[in-house]
Amino acid sequence: MKNFFSVADVDNLSDLVEEALAIKANPNTEESLGKHKVLGLVFLNPSLRTRLSTQKAAMNLGMNVMVMNMDKDGWALETQDGVVMNGTTVEHIREAAAVMGEYCDILGLRSFPSLKDREADYNEDLFNKFIKFCGVPVVSLESATRHPLQSLTDLITITEYKQVDRPKVVLAWAPHVKALPQAVPNSFAEWMVKAQEQNLLDFTIAHPPGYELAEEFTTGATITHDLNDALSEADFVYVKNWSSYKEYGEVYPVSENWMMDNEKLKQTNDAKVMHCLPVRRDLELSAEILDGPNSLVIKEASNRVWAAQVVLKRILERLNKNI
Amino acid sequence: MKNFFSVADVDNLSDLVEEALAIKANPNTEESLGKHKVLGLVFLNPSLRTRLSTQKAAMNLGMNVMVMNMDKDGWALETQDGVVMNGTTVEHIREAAAVMGEYCDILGLRSFPSLKDREADYNEDLFNKFIKFCGVPVVSLESATRHPLQSLTDLITITEYKQVDRPKVVLAWAPHVKALPQAVPNSFAEWMVKAQEQNLLDFTIAHPPGYELAEEFTTGATITHDLNDALSEADFVYVKNWSSYKEYGEVYPVSENWMMDNEKLKQTNDAKVMHCLPVRRDLELSAEILDGPNSLVIKEASNRVWAAQVVLKRILERLNKNI
Amino acid sequence: MKNFFSVADVDNLSDLVEEALAIKANPNTEESLGKHKVLGLVFLNPSLRTRLSTQKAAMNLGMNVMVMNMDKDGWALETQDGVVMNGTTVEHIREAAAVMGEYCDILGLRSFPSLKDREADYNEDLFNKFIKFCGVPVVSLESATRHPLQSLTDLITITEYKQVDRPKVVLAWAPHVKALPQAVPNSFAEWMVKAQEQNLLDFTIAHPPGYELAEEFTTGATITHDLNDALSEADFVYVKNWSSYKEYGEVYPVSENWMMDNEKLKQTNDAKVMHCLPVRRDLELSAEILDGPNSLVIKEASNRVWAAQVVLKRILERLNKNI
């Protein structure tokens, strides 16, 4: 593995998941792999789970970690070329990325979308430039359109808790008060579609009209506007809000009740409920579910460590071979 | 020791202090104790001494440390149950605490009081919920009503510098420009009262009328409004401002001069002067004292490392036994 | 080496540079030197390169590192004596520095100038007090008037890339939109003047009228207002903006074009172009140069690690001898 940006960076999903679960069983057996290697975590946006779980994964591998809150400890970056930098951006990503690549063996980057300019967000300009200019392997800590460490975590969690060979997995849109990125659902969708192709599960997406995700992520999934239909016989329900892709970043009023609760769960096959967190209680997902036996959200968050660790391990193995 | 939140978590004060002083003499003998263990330090408020001394203590024990400035690197937490989270709080403490408990073996938490709602502050709702939901041992880095690492440090420092078997220790209120929490004086009082019960010292509190601390912390102490009387024959003077407990968070005008200075010190038994820092020079405490031979404030701050280290050591020993 | 604040802390520049280059060739041979030693990095201002490169250098030496963003994780410091602290400053540097000195074996400090009070900035009051009160060796991470880790880096880089025994090095003023400190050019000048004295290079400074640096840094350098003249036969061009020293902190309008570009470079001896970064593209320095073969800016930034490491190594060696 060279970079970790999307599901396209993984050939065999099952192998990666199995390796992550083996690491979970024995987290400290590869401490020499990361010796004298530095992981730099660059945050352009806030982070709790990603920040802590990725640090922990790196420490389990014997790496040193440096955290850079670019928005607070540093300054604003310019990403456009051909610009006379006489405004508020202090440093160009060409220099900033290249310099961080000089100090670190692997870099992690978190960068949220603007939700204003769809084309700019969806061509992942900032992320691609960062990868291009830093010159070292890059792990996405969530980009404008994807959150692959979360999606890998989700597949690990589904594999751990599935009761049938090919469970029915439903991504269910949920209400929110803010306009949220499509990164988590996009990413979950592209991982689940690939998992479906590899016969690991069946994948359905349910959302109100107007909340269609970009087709590049969802082709192959069953897509419906009927939540009840989607929930029928579901083994896992993945609850998540997102804003509109079509009317980019917009939030449409939704008159139907899309909040997941125990009443809705009755239609499922006693489904396990997942969410990437942070979750708005009794808005996206009922407190009743979150505090009850069907919730996997804490175990899911816990698995973030093993997703990060298997990714860092594979990148380190490649680095150590090349050098 | 399971958690470290108040003096009630300690049976024998002398034993704990002696162990801390033994660690001070040989700080690096227990590096294997914390191997592969992670300490997470969660700050909801600023910190200098606590931040650095606790990190250092953990490193001396071979632990890995992750710091989370929740107010800056993260987001606002909801602490109330039964709330529809459609406002400004992004994540419930139930999830946030549980997730951090998955990544860390021990958690430290700093959370100041609001100084607006006495009942909410004094029932330590946030702290108790954090302990309940995180599922791992928690060390208070200062809560709404207590600062136990500071108080243990203070007892260590008194033990080191006492000239008589049972020194007279005075907690003396001092002026300030802001309304400060009662956490440090509450905590100091409950530790000194217990130390008095264990025949380690005699404890007096002096403050202007209206600045009575809550009785749960002070029962057993000699309490007076007469500073001169309190200072008479004092061996240690602990200077600290706090706002009113009765008229919660209020600051009354005090016409008398309560700033500690060399003139006042003359009434003491050449007392050593202590303060938890940060201190407002020539407002709470004269620069003359701070720069003179009677001040222990830097040596006191230095001892924060050994207080943190003995607490982490005891918690680690218990963790290692249980696993 | 006791502290690292200016070129005066170094006797023989060549020896220091050669040692840094030897470390660059073998970065991990001295890991036992810093065992059980703590480096504290205290930032009163933002930092990218200094923050990461100094952390990495310390880790290469086996040190533990604690970072304190005093402006964000802490509070405002008082630096004046004799002040009643009833305003916005929360802690005096006397206590803050002394306490940090208790927790750390070496401290790094970054503190920018006000650019308002020249005398206060140029007597380096804050820095000198920090050194005085902390009681441990201090490494400047950039002070009001100097940036010695940058200057050492620059000399290392010139040594690595020089094609002739005694290259011509030109410090060339460049435009900017903000009033910047003189710290980098001051420091570069005093290092280059000393290098010139030790027959390592020839040093010229070019700037528009009104941008004269303080003579204490530049005596011995060739100084001109004629950029073309300065660039003639230059082997290295060091591009940097600074505000006026005479009319302190002012920015004069400059009608001539002082931005470095390929056209200007034609007058040089195919000079390598340097900049401390962050750089404003097409304002200070053309994108064409930055993306072309003459730019050393990334390699220069990369060398920050070896400058920091040789400095920390020398201080550690002295500490280990004394103890």
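In what follows, chains are A, B, ... by sequence order, proteins preceding strands, each numbered from 1. Heavy-atom basis, side chains included; hydrogens, waters and symmetry copies ignored.
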For chain C, find its close neighbours in residues 72-84 of chain A: heavy-atom separation under 4.5 Å, sorted by number, or none.
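Result: K72(A), D73(A), G74(A), W75(A), V83(A), V84(A).
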Only pairs of heavy atoms separated by less than 4.5 Å count here; which of [options] has the most with chain A?
{"options": "M59(C), R49(C), K299(C)", "result": "R49(C)"}
{"options": "P27(C), S47(C), A287(C)", "result": "S47(C)"}
{"options": "D291(C), V67(C), V65(C), L290(C)", "result": "D291(C)"}

Under 4.5 Å heavy-atom distance to chain A, tell me which part of [X] shows up: side chain, backbone, both or neither.
{"X": "E284(C)", "result": "neither"}
{"X": "R51(C)", "result": "side chain"}
{"X": "N45(C)", "result": "neither"}

Can you find a pair of side-chain heavy atoms, one from R304(C) and one from Y103(A), that are under 4.5 Å apart?
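R304(C) vs Y103(A): side chains touch.
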Which heavy atom in V177(C) sits nearest to a heavy atom in G87(A), and how many Å separate them?
CG2-O, 4.3 Å
Which atom of L52(C) lies closest to which atom of M66(A), heavy atoms considered
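Shortest heavy-atom contact: O-SD, 3.4 Å.
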M85(A) backbone acceptor or donor facing R280(C) side chain under 3.5 Å
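Looks like yes, one N/O pair under 3.5 Å.
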The reported gap from CD in E95(A) to CG in L277(C) (rounded to nearest 0.5 angstrom) is 6.0 Å
Any idea which of M70(A), H92(A), R94(A) has the most non-hydrogen atom pairs under 4.5 angstrom with chain C?
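Result: the option with the highest number of such pairs is R94(A).
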Which bit of V90(A) comes within less than 4.5 Å of chain C, counting heavy atoms only: side chain, backbone, both or neither?
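Contact with chain C: backbone and side chain both.
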Which residue pairs pass the side-chain hydrogen bond (donor to acceptor under 3.5 Å, both in side chains) test with at least one member in residues 129-141 of chain A, sequence neighbours excluded?
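Output for this query lists D125(A)-K129(A).
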